[in-house]
2 protein chains.
Amino acid sequence: MYKSFLQNFNSKVRLTEEEEAFIKNYLTPKKLRKKQYLLQETDICKFIAFVEKGALRAYSVDENGKEHIIQFALEGWTISDLYSFLTSEPATYNIDALEDSELVLISKAAHEELLQKLPKYETYFRIQITGAYIAMQKRLTSIISSPLEERYKNLTALYPTIVERVPQHMIASYMGLQPETLSRIRRKIAAKK
Amino acid sequence: MYKSFLQNFNSKVRLTEEEEAFIKNYLTPKKLRKKQYLLQETDICKFIAFVEKGALRAYSVDENGKEHIIQFALEGWTISDLYSFLTSEPATYNIDALEDSELVLISKAAHEELLQKLPKYETYFRIQITGAYIAMQKRLTSIISSPLEERYKNLTALYPTIVERVPQHMIASYMGLQPETLSRIRRKIAAKK
DNA sequence: AAAAAGCATTGACTTTGGTCAATGCTTGAG
DNA sequence: CTCAAGCATTGACCAAAGTCAATGCTTTTT
């Protein structure tokens, strides 16, 4: 239990056995069926979720009812509505499972206590969020500066697993496109080979 | 000296006088003239810069020589090429001054020593980067899910100072648009009032 | 096994943003 | 003070992405 989470933690900040045992007290396992919600808009986000197994997405819904995916999380990734989590304001994102999934949840209380009591947890969190920041900055840069074709190639190069496992119309949504447009871009790329 | 930086720090993590004095040893002041570079692509980014006064931008340049602004930093904000800073790989962004500016630099060595020696620094950094992450996520969400008009209104509502102080074609670049397009959007908004 | 739902693709057409060129205004350097 | 450069705006035209509708697969559900 928590194997993948602890492995991820140790790869960033080395823990002793006692520390591992200590942390386990603050973790909660959770299983989700495909299509099940982990978080719904207007709920208050009470956890950070680490994906042990499976796949999730975070998305917002606009006035026209259209979904816009802002993040995927596969094995080894973390997902949450951080703003809601930290401020206790209602969430602006929905999070649900794209496949049957196994998660490790860190509740808000657990998060705060761990920050207090285990400096290594703060270090782990800092490293995680810094990595997430850099990854998102790259995504943003690619959006404002690369042509669509590049962006799609980039995405498949960087996250081949996501492109394989996730339906194409969700990839389109993640890129801010209509499914038809992505389909046409793929055709164009295929034609060039 | 360092007044605004220390004030910002204290607002997030309260420091004693001794701690303040201690931190000052790790800081370097720097003045930049308008248009001067703080960092050029292919350099290795050796610092995090806190803006005491003035305005800067970070941008990338594409194959066609076009600039794409990925961040502005006014008073109280922090700017850097974090990826380059943390990995010592060549920077992918340029950073220069939009106005005469006064900065506080934290070198890589200083950053690492402060993380080691002063737990409050790690806390400060964690809070900063978390805030930056959330802000960027909002920007990203707005890009993939809102129509242009909304995005511009949002930007002026959220960062009126930036829109006032920065030339319009740079705002366009920040939004991933041509200057002409932004001009037309502004006209459209103005017409509705 | 049959029916239904979800998905990717394609075509025709519309809308939106980009490109190119010109104008007039403001700012800054010499 | 003058001239050049930078900037915002507009118009005419072009290219790219969105919309709507239809088709044929595949996957789920019953």
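Just so it is clear, the structure is predicted and the values come from calculations on it, not from any experiment. Lettering follows sequence order; numbering is per chain, from 1.
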Gln137(B) side, atom CD; Asp81(A) side, atom CG - distance, nearest 0.5 Å
7.0 Å
Aromatic contact between His111(A) and Phe125(A), with the criterion being ring centroids under 6.0 Å apart: yes or no?
yes
Grouping ILVMFWY residues whenever side-chain heavy atoms fall under 4.5 Å, the cluster of Leu38(A) otherwise contains Leu32(A), Leu39(A), Phe47(A), Val51(A), Leu56(A), Ile79(A), Ile95(A), Leu103(A), Leu105(A)
Does the pair Glu67(A) and Asn94(A) meet the rule for a side-chain hydrogen bond (donor to acceptor under 3.5 Å, both in side chains), with working shown?
CA-CA 10 Å; Glu67(A) 296 176 357; Asn94(A) 300 276; over 6 Å; no
Separation of dT10(C) P from Leu182(A) CG (nearest whole Å):
12 Å
When the distance from CE of Met175(A) to C1' of dA17(D) is rounded to whole Å, what number comes out?
12 Å
Look at the side-chain N and O atoms of Lys66(B) and state whether any lies under 4.0 Å from the OP1 or OP2 oxygen of dT19(C).
yes
Presence of Ser183(B) side-chain N/O under 4.0 Å of dA8(D) phosphate oxygens OP1/OP2
no
Over how many whole Å does the gap from Glu180(B) atom CD to dG6(D) atom P extend?
16 Å
At under 4.0 Å, does any side-chain N or O of Arg186(B) touch on OP1 or OP2 of dT9(D)?
yes
Closest to the 5' end of DNA chain C, once Gln178(B) and Lys34(B) are matched to their nearest nucleotides, is Gln178(B)
Rounded off to whole Å, could you give me the CG-to-P distance for the Leu177(B) and dA17(D) pair?
14 Å
Output the rounded distance in Å from CG (Asp100(B)) to C1' (dG28(C)).
13 Å
Would you indicate, yes or no, if dA12(C) has its OP1 or OP2 atom less than 4.0 angstrom from a side-chain nitrogen or oxygen of Arg184(A)?
no
Between C1' of dG28(C) and CZ of Arg33(B), the distance in whole Å
15 Å
Of the non-hydrogen atoms in Leu6(B) and Lys24(B), which two are nearest, and what is the gap between them?
CD1-CE, 3.5 Å
Heavy atoms only, 4.0 Å cut-off, all strands: where does Leu148(A) land among base, sugar-phosphate and nothing?
sugar-phosphate
Any side-chain N or O of Arg187(A) less than 4.0 Å from the OP1 or OP2 oxygen of dT10(C)?
yes
Within the 4.0 Å heavy-atom criterion, would you say Lys35(B) contacts the bases, only the backbone, or no part of the nucleic acid?
nothing
Could you walk me through whether Lys30(A) and Glu102(A) pass the salt bridge (charged side-chain N to carboxylate O under 4.0 Å, His left out) test, one step at a time?
CA-CA 6 Å; Lys30(A) 172 146 188 153; Glu102(A) 293 172 24; over 6 Å; no
Nearest whole angstrom, please: distance from the P of dT15(C) to the CD1 of Ile185(B).
17 Å
Stretch residues 154-171 of chain B: residues that reach within less than 4.0 Å of DNA chain C through a heavy atom:
none
Any salt bridge (Lys or Arg N to Asp or Glu O under 4.0 Å) involving residues 162-178 of chain A? Give me the pairs, sequence neighbours left out, ordered by first then second residue.
Glu75(A)-Arg165(A), Glu99(A)-Arg165(A)
In whole Å, I'd like the distance from the CD1 atom of Ile189(A) to the P atom of dA8(C).
16 Å
